[in-house]
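Written out below as structure tokens is the structure these notes cover.
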Number of protein chains: 2
Amino acid sequence: MTDDVERGTASAAAQRPLTLADVAAAAGVSIKTASRALGGEPNVADSTRGRVRAAAATLGFTLNSAASQLRRGTAVRTVGLVVGDLANPFYMGLATGVEHALREHGLQLTMASSDEDAATERAIVEDLVHRRATGILLVSTLDEHGELRSVGDRGVPLVLVDRAPSGIEADAVVIDNVAGTTDAIAAFVARGHRRIAFVGDLERLSPQRERYAAYAGALAAAGLPLDPALVARGSHSAVAAEAAVRDLLALAEPPTAVFTANNRVTIGAIAAFRDVAHPPALVGFDHFELADALGITTVGADTAALGREAVAALLRRGDGPHASTTRALPTTLVARGSGERPPA
Amino acid sequence: MTDDVERGTASAAAQRPLTLADVAAAAGVSIKTASRALGGEPNVADSTRGRVRAAAATLGFTLNSAASQLRRGTAVRTVGLVVGDLANPFYMGLATGVEHALREHGLQLTMASSDEDAATERAIVEDLVHRRATGILLVSTLDEHGELRSVGDRGVPLVLVDRAPSGIEADAVVIDNVAGTTDAIAAFVARGHRRIAFVGDLERLSPQRERYAAYAGALAAAGLPLDPALVARGSHSAVAAEAAVRDLLALAEPPTAVFTANNRVTIGAIAAFRDVAHPPALVGFDHFELADALGITTVGADTAALGREAVAALLRRGDGPHASTTRALPTTLVARGSGERPPA
DNA sequence: CTGAAAGCGCTAACAA
DNA sequence: TTGTTAGCGCTTTCAG
């Protein structure tokens, strides 16, 4: 090791971390005065403040937030948003709504992705609790949320987003999946479709289960049979969904209408339809920016509103204990052509 | 004070924040043993660890990361990614690449949006510096980056992403905007286009300036005049871009080809073309998921690779000082139909 | 307006 | 395996 040599050089960056004491000494003031000057407190002579700031800049010093937080007993108010996939536009709309709502309350957002992995989710949540976050908004990848009780027990408000709580009393903000799906299937039925396919994402995700159940229910309500050959679940990527839809199209009796249970699956269906002369009718769950340009009929909720509601629930919880609530956001069905095609 | 009275009540939530001492007392061990048990250190009897954990759970205690961080002198290694718009898929691809690269190095990601606002950007960066982040990846909304010198001076490695540094020596990872744009315009020219429009985002963003300059250069190289009527800059939303493109289409001599200088502008152009029988050729900068399904020719870089490169640059910087580098990622032109339409 | 002393909650060092 | 002591860097008293 050549540490000593390196240490010897005069100018280079400080080896020992700088503290307020160093700045105070350099500026010729007491530690407390330096603290006041740098912390933006009043009652410091302008000249003193300038001298301290200059010294800090010269030395390359910055306040240590861990120390000030410890002494103050209160952190910068920060809310954590934990999602499953940073590349999914659904979460991005959510994040945008969350951020704007937080900004109105002077709260900071810090966002992390669990990559739909339970262990990663746990680590992220644990870190937020240790840091005494002002709150946590969680799109949980867990099947069972009992373990999350400890979050609230340790004083950090938690709101589950998009996925309904299971095995726990917790605030949640979700989408009215049943109404949305029922509307979509009913519209198909009204147009005379009788062979309506369902293409979904992973079954363990509660919105997917709700959408599937609503699909089955809507068929039953219309007196239509639920044909297992027309059901494809578990496509967690657009590519997988595309393959699933191709399989449906290759059936001896293909569906005349396809319901895709989230945005990724819808993208897959669009890809699968590309070279098909007379594709089935298509309605997808989740709105997306290019649906308009593509003429794709979608049903879904306002994701930014979902984010705003989640923040509102969090702040309500922070105000004091009360019964847990689950709010379901309404969906709208937006006709853009693909969903209105008649049976072949 | 009525502390004694309050303390006397049995059940309710603690008023005074809990500390390790409370847990240690409840578990009948010393503070240090409690620390070891909860901190996951070795050399604690399993029975002891269990007792301490149970006590902590009962009391609703969790370690205070500010205190442990202060004592340890080192935080959880966290990298901050600051982007301008959480809803832009370009940033989401970037975030995905960043996250995966960080995960390989055991680093955590925390992400925040400046909303393209300079003051917000400053506040976020300042907070990351105070928290002694392991590094900052910044898509800066600032025109001039001189003020960011203090970030590095205070010991936090900084890498500028997507936008070239100005007025500062700093590591940066950008896209080869000149090559990408030149390729796109050259392809138009090779197909016989002579009236090629440029539709861009805000001029103050350096990638936009580079793309515009490359557009002008490519026209000159082909011996074509730069017609100001065919240039529309400053569309920061898809809606604004749509209007700009409509204006171009309404010209007495409309363009036969349109180059859109980023993904948002491309979306606007697609919308503007919707009801047009014979739209001009279109090439857009930035790849996007639905380009395939829509048959839109795009030129762009791999955004996930951009994120990985940014992390690599950050870690290199963290290893020790060296000359600043700017790396430009190569672009590819992907023909999907819209760009290959001949002049009307 | 400025300063001295105390201590926030935790963990590194050293015992035992 | 467990306990004792000291102190991380800052801000809060309380005095000048």
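In what follows, chains carry the letters A, B, and so on, assigned in the order in which the sequence lines appear, proteins first and then strands, with residues in each chain numbered from 1.
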Report the distance from atom CD of A:Gln69 to atom P of D:dT11, rounded to the nearest whole Å.
12 Å
What's the separation between atom CG in A:Asp85 and atom OG in A:Ser114, rounded to the nearest 0.5 Å?
9.0 Å
Donor-acceptor pair, distance only, cut-off 3.5 Å: does the side chain of B:Asp22 make one with the backbone of B:Thr19?
yes
Show every donor-acceptor pair shorter than 3.5 Å between a side-chain atom in residues 53-61 of chain A and any protein atom, with sequence neighbours excluded, or say none if there are none.
| from | atom 1 | to | atom 2 | distance (Å) |
| --- | --- | --- | --- | --- |
| A:Thr58 | OG1 | A:Ala54 | O | 2.8 |

Heavy-atom nearest pair, B:Gly146 first then B:Glu144, reads N-OE1, 2.9 Å
Between A:Thr78 and A:Gln108, is there a side-chain donor-acceptor contact under 3.5 Å, judged purely by atom types and distance?
no
Exercise: identify the closest heavy-atom pair between A:Ser324 and A:Arg317
CA-NH2, 3.7 Å
Protein N or O to nucleotides 6-9 of chain D N or O, pairs below 3.5 Å:
| from | atom 1 | to | atom 2 | distance (Å) |
| --- | --- | --- | --- | --- |
| D:dG7 | N2 | B:Arg71 | NH1 | 3.2 |
| D:dG7 | N3 | B:Arg71 | NH1 | 3.2 |

Quiz question: by atom type and distance under 3.5 Å, do the side chains of B:Ser47 and B:Arg51 form a donor-acceptor pair?
no
All heavy atoms of A:Ala87 vs all of B:Thr96, minimum pair found to be CB-OG1, 3.5 Å
Members of residues 24-58 of chain A that approach DNA chain C, where some heavy atom sits under 4.0 Å away:
A:Val29, A:Ser30, A:Lys32, A:Thr33, A:Arg36, A:Asn43, A:Val44, A:Ala45, A:Thr48
